[in-house]
Amino acid sequence: MTALTKPQPDGAADPSSEHAPGASLHSPVIDWFDEHARDLPWRRPEAGAWGVMVSEFMLQQTPVNRVLPVYEQWLARWPRPADLAAEAPGEAVRAWGRLGYPRRALRLHGAAAAITERHGGDVPADHAQLLALPGIGEYTAAAVASFAYGQRHAVLDTNVRRVFARAVTGVQYPPNATTAAERRLARALLPEDERTAARWAAASMELGALVCTAKNESCHRCPIASQCAWRLADKPAHDGPPRRGQTYAGTDRQVRGRLLAVLREAHSPVPQAALDRVWQEPVQRARALDGLVADGLVEPLPGGLYRLPMT
DNA sequence: CACACGTGGGC
DNA sequence: TGCCCAAGTGT
């Protein structure tokens, strides 16, 4: 049984909640969104589905403020999927700059190529077709279908998960990995009406991004503070297993980052010696470079030269 | 399912 | 000063 099917106190439930669980959350959150939503370029009508899709790739684990300038350059240079598909993948990696996780750039390029081949150059509206594209998982498929095409999907990102964890489940943080219970809850909370569902998806996400933040949440600005289970329980601290921190210093990831930074800046093939300078320890350095080549982020050339992938 | 995968800003 | 966090995906 989910929290939603828990027996309600007699007469306590809103009459409409029987058919629309969570209905009492929809209006306050959507009204709040109407007033406080940020004016982000990918939310404007002219962004189109491609703009939405590009933004979703870039926003996977990267903050809005850092995405903004790269997004603008990207859309100006490659206004349609076919424009990106016509470029070398290395150009996508270069234009990705310092957004991090450059495999996303490669996958976005691959997705553009697949869209050009399989979908006539138009970002598909079908969830399953979106999911089949490289770099698009459960979240991004739902986000593009919902934000770009107004469809009714549970869009479950880290913001929404946190909002639901607090407002509905009454805990400070969601589980480390998305659970079946969370998906079930998200589906149950989805407004029936397609238009409203899409609005709800964007609104609940924005609430998590701006108000119901991971740290220093602003309950005084929250439109559903009076209904929030976590707040009503006096905001108990997270218990469960500690949320795994991400290590970085000294890892292969750091080495990869340095190697790729050199190649992004270079506009002709780079000799091995130039790459050797970014990291002292030779075994780890070689492993990192091999990894980049295996991932298709770096192309080795005869004579110990390297460059971003041209094919 | 746990882990790898970049980067930079906030406290 | 570090630790935590940021619109996840693929293996």
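Predicted, not measured: the structure shown is a model, and the values here were computed from it. Chain naming here is simple, since letters A, B, ... match the order of the sequence lines and numbering starts at 1 in each. Any value given below was found using the heavy atoms of this structure, including those in side chains, with hydrogens, waters and symmetry copies removed.
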Look at all strands and tell whether A/D252 reaches a base, only sugar-phosphate, or nothing, counting heavy atoms closer than 4.0 Å. sugar-phosphate
Which part of the nucleic acid does A/W96 contact within heavy-atom distance under 4.0 Å: base, sugar-phosphate only, or nothing? nothing
Enumerate the residues from residues 133-159 of chain A whose closest heavy atom to DNA chain C is under 4.0 Å, giving them by residue number; use none for an empty result. A/P134, A/G135, A/I136, A/G137, A/E138, A/Y139, A/T140, A/D157, A/T158, A/N159
Sorted by number, the residues of residues 270-297 of chain A with heavy-atom contact under 4.0 Å to DNA chain B: none
Would you give the length of the straight line joining atom [atom1] of [X] to atom [atom2] of [Y], rounded to the nearest 0.5 angstrom?
X: A/L297; Y: A/R264; atom1: CG; atom2: CZ; answer: 10.0 Å
X: A/Q172; Y: A/K215; atom1: CD; atom2: NZ; answer: 11.0 Å
X: A/K235; Y: A/E217; atom1: NZ; atom2: CD; answer: 4.0 Å

Along DNA chain B (nearest heavy atom to each residue), the more 5'-positioned of A/Q60 and A/A177: A/A177
For A/R152 and A/T196, run side chain to side chain donor-acceptor pair (under 3.5 Å): C-alpha distance rounded to whole Å, both residues' side-chain angles, the deciding distance at 0.1 Å, then the answer. CA-CA 8 Å; A/R152 183 176 181 275; A/T196 309; over 6 Å; no
With a 6.0 Å cut-off (strictly less than), is the heavy-atom count around CD of A/E46, excluding the residue itself, greater than 12? yes
In whole Å, measure the gap between the [atom1] atoms of [N] and [M] for me.
N: C/dT11; M: B/dG6; atom1: P; value: 14 Å
N: B/dC3; M: C/dC4; atom1: P; value: 16 Å
N: B/dA4; M: C/dA7; atom1: P; value: 22 Å

Salt bridge present between A/R94 and A/E87 (N-O < 4.0 angstrom): no
Residues A/R43 and A/S55: side-chain donor-acceptor under 3.5 angstrom: no
Verify the distance criterion only: is there a donor paired with an acceptor across the side chains of A/Y306 and A/Q272 at less than 3.5 Å? yes
Would you please test A/D290 and A/R287 for salt bridge (Lys or Arg N to Asp or Glu O under 4.0 Å) and show each step? CA-CA 5 Å; A/D290 285 350; A/R287 184 173 65 233; over 6 Å; no
What integer distance in Å separates [X]:[atom1] from [N]:[atom2]?
X: A/Y101; N: B/dC5; atom1: OH; atom2: C1'; answer: 5 Å
X: A/R161; N: C/dC5; atom1: CZ; atom2: C1'; answer: 14 Å
X: A/L68; N: C/dA7; atom1: CG; atom2: C1'; answer: 13 Å
X: A/E56; N: C/dG8; atom1: CD; atom2: P; answer: 9 Å
X: A/R264; N: B/dG6; atom1: CZ; atom2: P; answer: 10 Å
X: A/Y173; N: C/dC4; atom1: OH; atom2: P; answer: 10 Å
X: A/L108; N: C/dA7; atom1: CG; atom2: C1'; answer: 15 Å
X: A/L131; N: C/dG8; atom1: CG; atom2: P; answer: 16 Å

Between B/dA4, C/dA6, C/dA7, which nucleotide gets closest to the side-chain atoms of A/A214? C/dA6
Could you go through the side chain to side chain donor-acceptor pair (under 3.5 Å) check for A/Y139 and A/E56 one step at a time? CA-CA 9 Å; A/Y139 161 76; A/E56 290 304 335; 2.7 Å; yes
Dump every N/O contact between nucleotides 8-11 of chain B and the protein below 3.5 Å, one line per pair.
from, atom 1, to, atom 2, distance (Å)
B/dG8, OP1, A/R98, NE, 2.3
B/dG8, OP2, A/R98, NH2, 3.2

Report yes if at least one side-chain N or O of A/Q61 is closer than 4.0 Å to OP1 or OP2 of C/dA6; otherwise report no. no
Are any of A/R256's side-chain N or O atoms less than 4.0 Å away from OP1 or OP2 of B/dG6? yes
Under a 3.5 Å distance rule, please check whether A/D126 uses its side chain to pair with a backbone N or O of A/A128 as donor and acceptor. yes
Do the ring planes of A/H238 and A/Y173 sit parallel (below 30°), tilted (30 to 60°) or perpendicular (above 60°)? perpendicular
